[in-house]
Amino acid sequence: MTTKPRILTGDTPTGRLHLGHWVGSLENRVALQNDYDCFFLIANMHAFTTRADKPDEIRESTLEIVKDWLACGIDPDRSTFVLQTEIPAIAELSWYLAMLLPFNRVMRNPTLKHELETKNLGDNYSFGFPMYTVGQCADILIFRPELVPVGEDQLAHIEPCREVARRFNQLYCGVDPQINDADYVQAGGVFPIPAGKVGRVARLIGTDGKNKMSKSLNNAIFLTDSFKQIKKKMGGLYTGRTAMDEPGDINNALFDYVRAFIRDPERVAELERKYAAGDNIGDGHIKVEVAEAIDQLLEPMRKRRAPYEGKDGDEKILNLLRHHTQQANDAAEETLYLAKKAMKLDFGPRKIVLE
Ligand code: TRP
């Protein structure tokens, strides 16, 4: 058993991962693997909240996301992959936590509201859709992590999770409500109060230059894109600047990309200086330079992904998931047992075994 503090975070399998995921969360995950005991969740149950009619797509995206993770450099020998639908303790804990989360509080969640708008769900969204808020609390708390690396938009989901954890610990474990968040476990609580951790770039703009990068808005550069695709997408980024000697605005979307992906700070400063002065530098040139920097970032990912492509690759991923799910269940069952015990629901231990 490792004694490292834990991380839990994850992605919903609604498509391949893109650069927004990389700068917002994936990069942190790769960097933190050594110092934390990491659990990475594929939220395939949550994918059904908006696409219950597309089980084939969800299945395919589930495998693609694991491939993307491996491509990024997440190491399956150090980190544990968690397939949400095979961890019954998550669904169970969701029920108990739902009792501790006011319904109005759920419906006021800005990220949830935003999703209702951008996904055009209108008034016809399912009961299951807002339920995913409490589901996400359970995803996190079942692994008792200290840290949850996420993109900025997900912080609105971490907050209710922290509230629910405090409430549970106060109600069922007798923890004093006046205590500091950091001291809950020491004071007898089952759950640490987890903290969100946002990546280097909190919110990456899409190649439309307007909205957050997102698959559904068609403004994303995927981790699997070729150099040609990257160049084309960067080329389409509109800045409104028309001449090489026109002073440019270094706070435009193009320069967000420059700062996010050109990793030599001196070169970034030079580009900023020349652009602001209109010193003989074209947008087209900068776009190509950014595309090259992105390509360099993605090249090792393509190499790491290669062994997992195709049908054989799918088999490898499925085997990996089965193996990891067993480990994840052991950890999740332990938490559920402690939580139920605190709730006077301890009627004997049990073991989940995958056959
Ligand atoms: N809702 C997250 C997203 O769409 C995915 C997710 C599900 C998650 N459960 C989680 C992220 C728990 C962090 C922790 O990106």
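Here the structure is a predicted model, which means the values were calculated and not measured. Nothing fancy with the numbering, it's 1 onward along the sequence. Basis for what follows: all heavy atoms, side chains included, without hydrogens, waters or symmetry-related copies. In listed order, ligands and their atoms are each counted from 1.
In this structure, T49 contributes its side chain and H46 its backbone to a donor-acceptor pair below 3.5 Å. A donor-acceptor distance shorter than 3.5 angstrom exists from the side chain of K67 to the backbone of Y308, with no hydrogens or angles considered. D139 contributes no side-chain N or O that, together with a main-chain N or O of L41, makes up a donor-acceptor pair within less than 3.5 Å. No donor-acceptor pair closer than 3.5 Å links the side chain of R305 to the backbone N or O of C72. With hydrogens and angles ignored, the 3.5 Å screen pairs no side-chain donor or acceptor of R304 with any backbone N or O of P307. The backbone N or O of H21 sits nowhere less than 3.5 Å from a side-chain atom of S25 that would complete a donor-acceptor pair.
In terms of protein heavy atoms, atom 9 (N) of ligand 1 is closest to D139 OD2, 2.7 Å. Counting protein heavy atoms only, atom 13 (C) of ligand 1 is closest to T9 OG1, 3.5 Å. Shortest contact from atom 8 (C) of ligand 1 to any protein heavy atom: Q136 NE2, 3.4 Å. Nearest protein neighbour of atom 4 (O) of ligand 1, counting heavy atoms only, is T12 OG1, 3.0 Å. Regarding atom 2 (C) of ligand 1, its nearest protein heavy-atom neighbour is Q154 OE1, 3.3 Å.
Residue contact check: A43 has heavy atoms under 4.0 Å from atoms 7 (C) of ligand 1. Set against the non-hydrogen atoms of V150, the atoms of ligand 1 under 4.0 Å away are 13 (C). Within the listing of ligand 1, atoms 12 (C), 14 (C) sit less than 4.0 angstrom from a heavy atom of L8. Interface atoms of ligand 1 facing I140, defined by a heavy-atom separation under 4.0 Å, are 12 (C), 14 (C).
Using modelled atom types, one finds no donor on one side chain facing an acceptor on the other under 3.5 Å when comparing N109 with T133.
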